[in-house]
Number of protein chains: 2
Amino acid sequence: MKDFRQRELVERARLVIPNGMYGHESVASLPAGFPQFFSRADGASIWDADGNKFVDLMCAYGPNLLGYGNAGVEWAAERQRALGDTSTGPSEIMVKLAEDFVAMIDHADWAMFCKNGTDATSMAMVTARAYRGRRKILLARGAYHGAAPWNTPGLAGIVAEDRAHVIYFDYNDLNSLADAIRGHEGDIAGIFATPFRHEAFANQTEPSLEYAQGVRRVCDELDALLVVDEVRAGFRLSRDCTWSLLGVRPDLSCWGKVLGNGYPISALLGAEKARIAAGSIYATGSFWFSAVPMAAAVETLRQVRETDYLERLTDMALRFRAGVAVQAATYGFGVMQTGPAQMTQILFEDDADLRRGFHWVREALEGGLYLHPWHNMFFCSAMTEADLEVSLTATDRAFAALKAVGGKLPAQDNAAILTRIARMAKSAA
Amino acid sequence: MKDFRQRELVERARLVIPNGMYGHESVASLPAGFPQFFSRADGASIWDADGNKFVDLMCAYGPNLLGYGNAGVEWAAERQRALGDTSTGPSEIMVKLAEDFVAMIDHADWAMFCKNGTDATSMAMVTARAYRGRRKILLARGAYHGAAPWNTPGLAGIVAEDRAHVIYFDYNDLNSLADAIRGHEGDIAGIFATPFRHEAFANQTEPSLEYAQGVRRVCDELDALLVVDEVRAGFRLSRDCTWSLLGVRPDLSCWGKVLGNGYPISALLGAEKARIAAGSIYATGSFWFSAVPMAAAVETLRQVRETDYLERLTDMALRFRAGVAVQAATYGFGVMQTGPAQMTQILFEDDADLRRGFHWVREALEGGLYLHPWHNMFFCSAMTEADLEVSLTATDRAFAALKAVGGKLPAQDNAAILTRIARMAKSAA
């Protein structure tokens, strides 16, 4: 795989960006050889800086729902761009977007738009506190809800007071939730839930019906707000809030990533009972009212409502999962494919230091497939039969390569990643 | 002024958005009749939903530096869009942007990009705490540094612990700064400064040379980081960090608004000594690595370096200020024009309830000029001679109207705004 340009960019980046890169798209925690910089994206594919092409099962860590460069979304954005984008007031398209979104999401009576997923979760947190003037926020241990001081998984520069009123409990465990609440009954502002348990480095788990409905009941009893954080899972499992599949209506839901199919926009949706609280908080940003991402979102929502994007991406996801399962069995590897197929997590059994996983995804990359060794992946509706064939050919090649090295799997330079696993395990304790 | 469409949009918005609108672009605190929703922006002008056209002295509250729809910026964005935007990794253009930006800003050795101004100020705050493992953050009383729990001017849903380690002092007052530090010398993480004092509802003031250099000296003595928050003032007073005009190099600077001339991107820049701390914090967002805003930023920075945009917008700003001063004297009004002309604040003397100011800007709006009655304004380099003439004709008309009503100025429905003034005054106390 050519990497001349990549190596030059990495050297230059090291000089002008701390650690050469930061955040979730840094490859510091990926196997050596994963490209850091890219040159192109189209449909379900990405090209790195040297022109190497990959079918992309990360979909920009979520935003790519309908395909990179989706014609309808690009056309809607282009049409709005000719009129205006960031201006002294919002465009009238903001009203249409709020109307369309609220009409689609059963629990929602109003909408507020922002930029980052973290904006939406932080607004939900502040709204929950404003609702009854209470303080305690309940988060499932290990769940990712953003990168602000109150919820970031990284602890550098964070002070104890940032989490003074955050209480952790175990996902899918109503007893743990009850223990977390005990003694704070009159001070519970809100309980956060991800649609399913989509932690990094771990098998994913679906919530039980009893759990989801139990959390709803607890919130009702306490007059606290139930917040479902759809930022990562939104519209990949349902055309409504994901917990609508379980018959549970949250009071607030947080959306981002897919909302503009890659255009920067996120949102907080809420039920009538939370409207006054949401209207009381101070929430704003320089680009929150820009019209182009809103036009992209109106069209993305239209395609969500009116096309079979969900059935198509689900079909591809299930066929990929089935194919990998057959290959793993054929080559004799224990592979755990967990979570919904549309957002699959793939981990190897007996692979605590991710040695097998790293080798496997590295070989798949050589075969033209971009997989992630410890984060859930994402399918988009632009994946073609040819893309699926490339993908399964690449995974087959990777299993074969893994089998070829047998017990002699070379030690990977996993120091950074292992440190991170240890830190995550510790912070989750 | 036609407002049929406006009224329909406002009614619809009220149903699906808390209070019908939120954040800094809500017109709830502006005079009745200010349009909430817009349909178009071009050059230095905006059109409301009914097609009423205004010369826009708010410039999207800052982002519009080179003109709405600036041809060079749009072309750069379009070219990048054809390649890709939000993807599974950053584009190589991220490296070029970091290189170009660092080369332009004297104090900067590295750059990190984000979306909101609040992202940049929050990253600066966390970086300052990570730098020596300290906790105290010093903010000037009344200064706006963003909308996160640690710095938002609104207090709904905010808990005491959010500001447990924030200490306030008076801008331009080294004694006040010394008092704020006393007893915390070993725990000072960072001191924030705006380039000048640009508070809402108040006359603006420039920092004294003694003050700016004194803050730098205090930071050096304490080994704390000096953060200059350029989000609002960046590139309107200088092509470098604004305090370079005073010979002061900060350790960190925060940028946003103008960086992509309206495309959503913000940044934290830093000196070498802060690189490790910045590299240690957890900072990320779904759209922080999108390539199109970075391409827009590369071209915006090029125009900042290579064109006379600054001289042109400064010339227009000075001529507008001079014109308004002559008109005010002619009509016999005491008008305070404060702060740099490029970011002028205009308040009437003896106008505590903003009655005159509200009437004046309302009349100017009827004349085709969009002014703000209590927030600093912004000039862009796309303003033409014709725009300036429209502007000064509108202000002349507004002064004439104000004079015509004489002492019989009607009571305005200023309840919301007066409540807000009272709250700001209280929170500043």
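This structure is a prediction, so every number in the text was calculated from the model and none was measured. Chain A is the first sequence line, chain B the second, and so forth, proteins listed ahead of strands; every chain is numbered from 1.
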Where the side chain of A:Y61 meets the backbone of B:G89, is there a donor-acceptor pair that is under 3.5 Å apart? no
Say whether, by atom type as modelled, one donor and one acceptor occur between the side chain of A:Y131 and the main chain of B:G157 under 3.5 angstrom. no
Assess whether a salt bridge exists between A:R163 and B:E161, defined as any Lys/Arg side-chain N lying under 4.0 Å from an Asp/Glu carboxylate O. no
Under 4.5 Å to a heavy atom of chain B? For A:F38 that would be both
Between B:G84, B:S286, B:A108, B:A148, the one whose heavy-atom pairs under 4.5 Å with chain A are most numerous: B:S286
Under 4.5 Å to a heavy atom of chain B? For A:S122 that would be neither
For the backbone of A:A60 and the side chain of B:T88, can you confirm whether one donor and one acceptor N or O come within less than 3.5 Å of each other? yes
Under 4.5 Å to a heavy atom of chain A? For B:L269 that would be neither
Bottom line for A:F34: the part with an atom under 4.5 Å from chain B's heavy atoms is neither
What part of A:H165 gets closer than 4.5 Å to chain B, counting heavy atoms only: side chain, backbone, both or neither? side chain
Which of these passes side-chain contact (heavy atoms from CB on, under 4.5 Å) with B:K115: A:N116, A:T118, A:D119? A:N116
Backbone of B:H24 reached by a side-chain donor or acceptor of A:T284 within 3.5 Å: yes
Is A:A49 in contact with chain B via its backbone, its side chain, both, or neither, using a 4.5 Å heavy-atom distance? both
